[in-house]
Amino acid sequence: MAKVSYKEAIKLTAQYVGCPYHVADVIIKAYGHIIYKLLLEGYETRMPVLGRFYLSTHKEQPERQWKDPRTNEYVTLAPKPAYQKPDFKFFPSIIKEVREKTEGNLL
């Protein structure tokens with residue numbers, strides 16, 4: 001799978017928008033910081049064209065027993081409190097388009 005570095009992504013953004021490299025860099029960093037702050041405050045936000053950032057809720061897990069397959073001993077696992085985790089969901093149109101473009105084309 002090909003990768004695009006952060007610097008290359010900034011360069012592409014600057015070319016697409018028609019602004020200097022350093023301006024595109026500041027804008028992308030600011031957008032990332034804003035999304036981070038919104039998630040910390042419990043908000044969900046959308047990124048145009050791609051999808052939405054949101055918090056997924058994970059239930060509390062009570063204390064439980066687990067059997068170690070190597071030693072056959074039972075171990076008590078500590079309980080976990082309920083928590084929220086940041087998540088991203090792509091829009092269905094993006095998922096469909098990428099799937100159609102890459103179908104049967106895996107490396």
Side-chain angles (χ1 to χ4, degrees):
M1 176 190 294
K3 293 183 181 180
V4 175
S5 71
Y6 176 75
K7 288 182 178 185
E8 291 168 335
I10 298 297
K11 184 179 174 184
L12 291 169
T13 303
Q15 289 173 351
Y16 185 81
V17 175
C19 68
Y21 177 92
H22 69 279
V23 172
D25 184 34
V26 169
I27 291 170
I28 288 178
K29 285 179 181 175
Y31 190 65
H33 185 73
I34 289 168
I35 290 171
Y36 167 71
K37 290 292 186 182
L38 288 171
L39 288 171
L40 281 179
E41 293 175 12
Y43 293 102
E44 126 177 356
T45 186
R46 293 177 183 270
M47 179 175 231
V49 181
L50 287 181
R52 67 184 176 100
F53 292 93
Y54 64 99
L55 295 173
S56 58
T57 304
H58 292 262
K59 296 179 184 176
E60 177 181 350
Q61 292 183 352
E63 184 177 276
R64 59 196 191 281
Q65 295 289 320
W66 177 73
K67 185 177 180 181
D68 186 339
R70 290 176 293 167
T71 62
N72 286 330
E73 292 180 21
Y74 283 92
V75 179
T76 301
L77 298 177
K80 290 183 183 177
Y83 66 97
Q84 290 187 314
K85 179 184 109 178
D87 222 334
F88 184 81
K89 176 127 176 112
F90 285 95
F91 291 138
S93 58
I94 294 288
I95 295 169
K96 180 182 175 192
E97 193 171 329
V98 169
R99 181 178 180 172
E100 288 172 356
K101 178 118 176 129
T102 61
E103 218 165 73
N105 221 8
L106 301 178
L107 298 177

Tell me the closest heavy-atom pair linking [X] and [Y], and the distance in Å.
X     : Y     : value
Val4  : Ala9  : CG1-N, 3.8 Å
Pro79 : Glu63 : CB-N, 3.6 Å
Gly42 : Leu55 : CA-CD1, 3.6 Å
Ser56 : Asp87 : OG-OD2, 3.5 Å

In this structure, would [X] and [Y] fall into the same cluster of hydrophobic residues linked by side-chain contacts under 4.5 Å?
X     : Y     : value
Tyr16 : Tyr21 : no
Val17 : Val23 : no
Leu50 : Ile27 : no
Ile94 : Met47 : yes

So, Glu41 and Lys37, do they make that salt bridge, N to O below 4.0 Å?
->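 Answer for the salt bridge query: no.
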| field | Intermediate values then yes/no, side-chain contact (heavy atoms from CB on, under 4.5 Å), Lys67 and Asn72 | value | CA-CA 6 Å; Lys67 185 177 180 181; Asn72 286 330; 3.4 Å; yes
According to the ring pair (Phe, Tyr, Trp, His ring centres under 6.0 Å) rule, which pairs have a member within residues 56-90, sequence neighbours left out?
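Applying ring pair (Phe, Tyr, Trp, His ring centres under 6.0 Å) to every pair that reaches into residues 56-90, excluding sequence neighbours, yields Phe53-Phe88, His58-Tyr83, Phe88-Phe90.
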| Summary of side chain to side chain donor-acceptor pair (under 3.5 Å) pairs that have at least one residue in residues 5-15, sequence neighbours excluded |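 Found Ser5-Glu8, Tyr6-Asp25.
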Check: Under 6.0 Å from the CZ atom of Arg46, do we count more than 12 heavy atoms belonging to anything else shown?
Finding: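 Atom CZ in Arg46 is not packed in, count stays at 12 or less.
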Could you measure the distance from the CD1 atom of Ile35 to the OG1 atom of Thr45? Nearest 0.5 Å is fine.
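Going from CD1 on Ile35 over to OG1 on Thr45, the span is 6.0 Å.
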How long is the straight-line distance from OG1 of Thr57 back to NZ of Lys59, given to the nearest 0.5 Å?
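Here the rounded value is 10.5 Å.
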Next item on the list: List the steps, then state whether side-chain contact (heavy atoms from CB on, under 4.5 Å) holds for Gln65 with Leu77.
Entry: CA-CA 6 Å; Gln65 295 289 320; Leu77 298 177; over 6 Å; no
Which ILVMFWY residues can you reach from Tyr43 by hopping between side chains whose heavy atoms are under 4.5 Å apart?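 Noted: Tyr43 shares its cluster with Ile34, Leu38.
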